[in-house]
Structures are given as structure tokens and as C-alpha cells.
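Proteins come first, then strands; the chains are lettered A, B, ... in the order of their sequence lines, and each starts at number 1.
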Protein chains: 2
Amino acid sequence: MSVKHMILGILQEAPTHGYNIKKRLYRNILQDFGINDGQLYPALNQLEKEGFITKEVVIQEKGPNRHRYSITPKGSQAFLLWLEGDEDENESVRYDFFRKDRFLLKCNFMHYLEPGLLERKILAQISLGEKKLKDFHNAHASMTHRQVKPHRLQILELGIQLQEARLKWLQGLLEVVKREIK
Amino acid sequence: MSVKHMILGILQEAPTHGYNIKKRLYRNILQDFGINDGQLYPALNQLEKEGFITKEVVIQEKGPNRHRYSITPKGSQAFLLWLEGDEDENESVRYDFFRKDRFLLKCNFMHYLEPGLLERKILAQISLGEKKLKDFHNAHASMTHRQVKPHRLQILELGIQLQEARLKWLQGLLEVVKREIK
DNA sequence: CCGATCATGTAACGGGTTACATGATTTC
DNA sequence: GAAATCATGTAACCCGTTACATGATCGG
């Protein structure tokens with residue numbers, strides 16, 4: 001499971017509580033990185049049960065209690081073993097770029113769409129893509145400013161490049177469709 | 001569910017049986033596009049139950065029976081409604097490029113890896129990526145040869161461009177890591 | 001005769017999402 | 001007084017994967 005490893009990785013850096021994992025640590029990469037409650041809290045409880053992390057309840061005068069989790073040596077070891085191992089590194093070979101992109105799946109059948117509608121759909125995709133790209137650039141600026149580890153920046157840069165490639169492709173597609181309309 | 005719509009889209013073009021959907025129609029895009037049995041056959045049965053497709057058992061003298069499915073007007077309508085609608089087109093906004101790429105997830109923690117090991121990992125990713133790119137090019141050639149609809153080719157071209165962008169990024173990462181080793 | 005291919009299916013599992021539930025505090 | 005934020009959690013569902021099961025035919 002990737003979520004568990006991500007949690008261990010975060011706790012490897014410093015102990016913290018669930019809500020913080022969710023909101024603080026990743027909010028600047030994307031507004032919400034998106035570890036959802038339904039997974040986060042059960043995962044924390046299970047990691048504790050398995051002895052990978054320990055819980056300490058922090059009572060606050062203001063607001064609800066926090067459950068502060070710390071990684072154990074056992075958890076740390078498991079995390080490093082996962083990181084060093086091959087797990088999850090070659091499985092993306094056959095499962096593809098376009099199964100993950102629902103719009104692309106639809107594109108397989110674009111010849112059934114009336115050209116005007118198709119054009120509008122592509123334009124909508126372009127504007128979504130541009131919005132996302134802007135988000136990425138904002139995140140990049142903010143991370144640069146906060147002096148985040150350079151390799152985290154680098155990951156974001158790949159995101160930007162992939163997004164740019166997709167946008168360029170959409171623009172090309174738009175041209176083709178426009179030519180068909182005329 | 002995307003698989004159901006893909007099946008409807010395929011049957012919209014011509015009636016066929018399950019095994020053919022699995023092997024023929026997509027084998028050239030990737031060796032296996034990867035609709036798996038556990039999903040394909042139940043989906044076909046359910047689509048039939050819902051009245052979107054009809055089954056006709058074709059008895060073969062040689063080999064097992066085939067279940068030949070055809071799309072019904074109701075199914076056709078549902079397919080076109082899905083295609084024309086907004087469903088599945090804006091959901092990729094927040095769920096991200098790097099949650100889908102397990103290697104990138106690991107990269108978040110690359111500073112915990114000994115540089116030599118990291119270098120080997122990146123090299124492995126590059127060689128996997130190059131292999132995949134070659135597959136794509138082969139598929140492209142074969143599709144050109146078979147005169148597949150040009151927009152299907154275009155989808156594959158995006159795949160190639162995304163793969164190239166990822167490879168270029170990996171190469172850049174490799175350079176950074178190499179510099180650190182020296 | 002062995003393994004691959006054709007052809008259809010079921011069962012169990014795993015991982016992720018949504019929605020729901022609670023309750024306090026802060027902000028408008 | 002309402003809405004947002006902090007903080008934790010559960011239950012139900014959906015989608016997808018793997019593994020298993022069956023049995024026939026064809027090529028080496």
C-alpha cells in the first residue's frame with residue numbers, strides 16, 4: 001500500500017498528528033494532496049497495531065485532542081526496506097498513460113461526437129490544464145521561497161513538463177478538429 | 001465505471017465476443033491493454049442484465065462457444081450520453097500525476113537513499129521507459145500500416161510524448177545524482 | 001504429450017472514495 | 001447565529017487485480 005509508506009516517510013522526518021499530515025505537509029504541493037480520511041486514520045491505527053509507529057495523545061486546552069504519532073525503529077526499518085527495494089518500480093510497464101486519463105479514454109471514440117461539441121470539450125480540457133499548470137507554478141514559487149528540498153522541486157517540475165506536453169497535444173488536436181469543421 | 005463504457009464503445013462499432021474485446025481490439029495498442037477477466041465477463045453479464053447489450057451464443061464446431069454481444073438502442077443511447085456529457089472530464093484536476101507514478105512517490109524520499117543505489121534505480125527506470133517507448137513506436141508503426149483511425153494514432157502520440165518527457169526528466173535527475181557522487 | 005491459445009467465468013482481496021458522525025473553537 | 005476550521009473516526013461502496021477453475025483444440 002502506498003499510503004502507509006507515505007505516512008511512514010512523513011513520520012521519518014518528524015512526529016506529527018493525522019490532521020497535520022493531511023493539511024500541512026502537502027497542502028502546498030497541491031491544495032489538497034488528497035490522502036482522504038477514510039484511509040488516513042485507519043492506516044495510522046493499523047500502523048500502530050503493527051508496531052511501526054507509536055501514539056501519544058496530546059491534550060490541548062483549545063480544540064480537540066491530537067494523536068501525535070512517532071515512527072519506531074521497526075517502522076523506520078520497514079520504510080527503508082521499501083524504499084531500497086524494487087517494489088512498485090516496474091509495475092507501470094503495461095498499465096498505461098491513457099487508462100488513467102478519463103478524457104483520453106473518451107477520445108478513443110471522438111469520431112462519434114459532433115465536431116462543434118468536440119471542439120468545446122477540447123477547449124474545456126485546455127482551460128482545465130492551464131489552470132492546473134498555473135497551480136503548479138504557484139506551488140513551485142512557494143516551494144522555492146520556502147527553500148523546500150530541491151529534489152521535491154524537481155518532482156514538481158516533471159509535473160509541469162507533463163502538463164505542458166498534454167496541453168500542447170490538446171492544442172494540436174484542436175487544430176485538427178477546427179480544420180475538419182471548415 | 002470506465003470499463004463498461006469502453007465495452008459499449010467497442011460494441012458500438014461492431015458486435016463481438018468477450019475474448020475478442022480482450023485480445024484483438026487492443027492487443028496492438030499495448031501487448032495487453034489489460035481489461036482483465038475478473039472485470040470483463042461480469043461487466044458483460046451486467047450490461048446484458050441492464051438491457052444495454054444482447055447475447056447470442058455462437059456454437060463453434062471447433063473450440064468453445066462464443067458469446068456474441070450486440071449493443072441495443074438503449075445501450076447505444078447510454079454510450080452517446082456518456083460520451084457527450086461532462087462525466088470523467090474534470091476529475092483529474094486534483095488527483096495528481098505523481099500519485100499514479102509509484103516511482104515518483106518514492107522519489108519524494110530519495111534523500112534517504114545511498115547515491116549509488118539511487119543511481120541504479122534511476123538507470124533501471126530509464127531502461128524500462130525506453131523499452132516502453134520502443135513498444136509504443138512499434139505499435140505506432142503497426143497501426144499506421146493497418147490504417148487505424150488517425151485519432152487513435154494521435155492518442156498514442158501523446159503517450160509517446162509523455163514517455164519522452166519522463167525519460168528526459170529521469171536523465172536530468174541522473175545527472176544531478178552523478179554530480180553528487182563525484 | 002506438453003504447452004499455448006481459445007473461451008468463459010467465479011471468489012477473494014486490496015485499495016481508494018464518499019458520506020456520515022461527532023464536537024469544539026474561531027471567524028464573519 | 002452560521003459557517004469554516006480543527007481533529008478523529010466508521011461504514012458502505014466501487015473499481016480493479018489476482019488467482020483459481022474448466023475444457024477444448026492446435027502446433028511442435
Side-chain angles (χ1 to χ4, degrees), chain A residues 1-7 15-25 27 31-50 53 55-69 82 87-88 90-96 98-102 105, chain B residues 1-7 15-25 27 31-50 53 55-69 87-88 90-96 98-100 102 105:
Chain A
M1 204 211 307
S2 81
V3 170
K4 277 192 186 177
H5 293 123
M6 291 304 282
I7 292 174
T16 189
H17 61 282
Y19 194 76
N20 201 38
I21 290 175
K22 193 181 147 190
K23 286 281 156 175
R24 288 280 142 67
L25 296 174
R27 104 185 132 174
Q31 295 90 317
D32 56 333
F33 168 75
I35 293 181
N36 63 68
D37 296 4
Q39 247 193 309
L40 175 62
Y41 293 109
L44 283 170
N45 286 325
Q46 216 189 314
L47 283 170
E48 197 202 355
K49 218 187 297 173
E50 290 165 344
I53 59 178
K55 176 162 71 176
E56 173 202 356
V57 178
V58 179
I59 294 146
Q60 300 184 111
E61 326 87 62
K62 299 182 177 186
N65 291 346
R66 288 174 175 171
H67 296 180
R68 184 184 164 86
Y69 292 97
W82 166 75
E87 203 188 326
D88 298 339
N90 44 6
E91 72 179 0
S92 68
V93 185
R94 46 169 65 151
Y95 314 109
D96 208 14
F98 98 116
R99 294 203 66 184
K100 295 167 185 169
D101 187 328
R102 310 292 235 183
L105 278 180
Chain B
M1 206 210 303
S2 81
V3 170
K4 277 192 184 177
H5 293 123
M6 291 304 282
I7 292 173
T16 189
H17 61 282
Y19 193 76
N20 201 38
I21 290 175
K22 192 181 148 190
K23 286 281 156 175
R24 287 280 143 67
L25 296 173
R27 107 187 128 172
Q31 294 90 318
D32 56 333
F33 168 72
I35 293 181
N36 62 67
D37 296 4
Q39 245 192 312
L40 176 62
Y41 292 108
L44 283 170
N45 286 326
Q46 218 189 313
L47 282 170
E48 196 202 355
K49 219 186 297 171
E50 290 165 342
I53 59 177
K55 177 162 70 177
E56 173 202 357
V57 178
V58 178
I59 293 145
Q60 300 184 109
E61 325 87 62
K62 300 181 175 184
N65 291 346
R66 288 174 176 173
H67 296 180
R68 182 183 164 87
Y69 292 98
E87 204 188 327
D88 296 339
N90 45 6
E91 71 178 3
S92 68
V93 184
R94 47 169 65 153
Y95 315 107
D96 208 14
F98 98 116
R99 294 203 66 183
K100 296 166 183 169
R102 309 291 233 184
L105 277 180

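A close approach under 4.0 Å does not occur between any side-chain nitrogen or oxygen of B:Y19 and OP1 or OP2 of C:dT8. Side-chain N/O atoms of B:Q60 include one lying less than 4.0 angstrom from OP1 or OP2 on C:dA7. Contact between the side-chain N/O atoms of B:N36 and the OP1/OP2 oxygens of D:dT17 is found at a separation under 4.0 Å.
Atom CD1 of A:I59 is separated from atom C1' of C:dA24 by 15 Å (rounded to the nearest Å). Distance A:K100 NZ to D:dG16 C1': 14 Å, rounded to the nearest Å. If you take CD of B:E61 and C1' of D:dT25, they are 12 Å apart, rounded to a whole angstrom. Going from atom NZ of B:K62 over to atom P of C:dA7 covers 13 Å, rounded to whole Å. Rounded to whole Å, atom P of D:dT8 lies 18 Å from atom CD of A:Q46. One atom, NZ of B:K22, and another, P of C:dC6, lie 9 Å apart when rounded to the nearest Å. Separating the CG atom of A:L40 from the P atom of C:dA19 is a distance of 18 Å, rounded to the nearest angstrom. Rounded to an integer number of Å, the gap from NE2 of B:H17 to P of C:dC6 is 9 Å.
Side-chain contact between A:K22 and A:D37 is present, with at least one heavy-atom pair separated by less than 4.5 Å. With a 4.5 Å cut-off on side-chain heavy atoms, A:R66 and A:T16 do not count as touching.
The shortest non-hydrogen separation linking B:L105 to B:F98 is CG-O, 3.5 Å. For A:I53 against A:L44, the heavy-atom pair with the smallest separation is CD1-O, 3.4 Å. For the pair A:H17 and A:H67, the tightest heavy-atom approach, listed with the atom from each and the gap, is CB-O, 3.0 Å. When all heavy atoms are compared, the tightest approach of B:I59 to B:N65 is CA-OD1, 3.5 Å.
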Short heteroatom pairs, N/O only, protein and nucleotides 9-15 of chain D, under 3.5 Å:
residue, atom, partner, partner atom, Å
D:dG9, OP1, A:H67, ND1, 3.2
D:dC15, OP1, B:M1, N, 3.3

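Atom CD of A:E87 and atom OG of A:S2 lie 10.5 Å apart (nearest 0.5 Å).
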